[in-house]
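This report refers to the structure that appears directly beneath it.
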Amino acid sequence: MEIIKVKQLTKHYGETAVLKGIDLTIHQGEVFGFVGHNGAGKSTLIHILTGIINKNAGSFEILGSPANQLNQVKKRIGVMPDISNLYDNMKDIDFLRYMGELVGDNGSKKQYLSLMKSIGLAGSERKKIKSYSFGMKKKISIAQALLGNPELIILDEPTSGIDPESAINIRNLIAKLQEQGKTIFLTSHNLDEIDKISDRVGILSDGIITELGTPRQLKEESEEGINIAVRTKPTLQKEQIKTLSKKIKVDIKCIAIKREYTLLQVSSDDDMPALSKALIDSNMHLYEMKVEHRSLEDVFMKA
């Protein structure tokens, strides 16, 4: 089932185009990671999908309802709000109870405490939100997004500004929500995090989606050769690499030399046996040779 379907969506402010024809489909039960530089238009797309601002052209559907019927499905969508929109003078439990009533979630105090515990806020009960740290406000914002048992959960930078342990707890929570059949639309500047938890990733650049696919697909498609980290004593130098390349008739490029490691690039992993043999035959002490796979960060920097 298609939970979000976007076709040729555009948004501009005066002569400045922010979104330039977005096409995107998000399926039920997947964690979709959405990344882009600051100002790329990520938040603009979220604000359009949630009815905060209007599009200029194109169309979209959420949970089977078109844009002009968004009110019919809003209670089935959980959105993490900007922390500046929280009610600072309310106590956390009262805040969750109040926001829960707005979406028809009349949970018990025990249920709200359990929700707070699941996002790492155990022990802070009955505190006013204004006394919260930045990270704690992020967590209560996530808790708000989960009120009403929504089918679609939109989380904008959920782990930015929080401690590593809490970030791990939130990633585990996202995994549990997915196991329950929830669909997660997630933005983050933490590309390693996006790589770990997303089923698919979209990279937004200059108002268009330049890359779309599973993290593995994106990393494999970006590969122009095989990068190999070689650890030898003494450390392999550029002139030696040129000599080895001619000797074994393999095109070897030196990417970088970092302390005891030399990062090389060859055409395929079929070149590795000949390279390792040549290193040993040349009386180099070979301690390690490993393939360095591309990261999502590499893909992002080229997008």
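In this text the structure is predicted, and so the values were computed from the model without any measurement. We're numbering straight along the sequence, starting at 1.
There is no side-chain donor-acceptor pair under 3.5 Å between K20 and T10. Defined by atom type and a distance below 3.5 Å, a donor-acceptor pair is present between the side-chain atoms of D298 and S295. Donor-acceptor pairing under 3.5 Å is lacking for the side chains of Y112 and D92. In this structure, a donor-acceptor pair under 3.5 Å is present between the side chains of D23 and Q8.
Residue R259 places its CZ atom among 12 or fewer non-hydrogen atoms of other residues, nucleotides or ligands, all under 6.0 Å distant.
K55 places a side-chain N or O within 3.5 Å of a backbone atom of G58 that can act as its donor or acceptor partner. Side-chain atoms of S141 come within 3.5 Å of backbone N or O of K137 as a donor-acceptor pair. Judged by distance alone, with hydrogens and angles left aside, the side-chain atoms of S282 form a donor-acceptor pair with the main-chain N or O of A278 at under 3.5 Å. Between the side chain of D271 and the backbone N or O of S267, at least one donor-acceptor pair lies under 3.5 Å. Looking at D199, its side chain does come within 3.5 Å of a backbone N or O of V31 through a donor-acceptor pair. Under the 3.5 Å distance criterion, the side-chain polar atoms of E30 are matched with a main-chain donor or acceptor of H27. The backbone N or O of K110 lies less than 3.5 Å from no partner atom in the side chain of S114, so there is not a single donor-acceptor pair. T187 contributes a side-chain N or O that, together with a main-chain N or O of E157, makes up a donor-acceptor pair within less than 3.5 Å. Put simply, the side chain of N56 gets close to the backbone of H12: a donor and an acceptor are under 3.5 Å apart.
The two residues S188 and V35 make their nearest non-hydrogen contact at O-CG1, 3.4 Å. Here the closest non-hydrogen pair linking K219 and L296 is CD-N, 3.8 Å.
Cation-pi check for K233 over Y287 is met; the charged atom lies under 6.0 angstrom from the ring centroid and within 45 degrees of its normal. A cation-pi contact, defined as under 6.0 Å to the ring centre and within 45° of the axis, is absent between K91 and F95.
For the salt bridge (charged side-chain N to carboxylate O under 4.0 Å, His left out) condition, the pairs that include at least one residue of residues 171-191, sequence neighbours left out, are R171-E193. Residue pairs that meet the ring-ring contact (aromatic ring centres under 6.0 Å, His included) test with at least one member in residues 145-194, sequence neighbours left out, are F32-F185, F34-F185.
The side chain to side chain contact (heavy atoms under 4.5 Å, CB included) test with V230 is passed by exactly one of I241, L263, T235, L279: L279.
Alongside I208, the hydrophobic cluster contains no other residue (criterion: ILVMFWY side chains under 4.5 Å).
A salt bridge is defined here as a Lys NZ or Arg NE, NH1 or NH2 lying under 4.0 Å from an Asp or Glu carboxylate O, and R76 with E151 meets this definition. Taking 4.0 Å as the cut-off between side-chain N and carboxylate O, K128 and D88 do not count as a salt-bridged pair.
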| said: Let's go through I62 and L49 carefully: what are the C-alpha distance in whole Å and the side-chain angles of both, what is the deciding distance for side-chain contact (heavy atoms from CB on, under 4.5 Å) to 0.1 Å, and is it a yes or a no? | reply: CA-CA 8 Å; I62 294 186; L49 295 177; 3.8 Å; yes

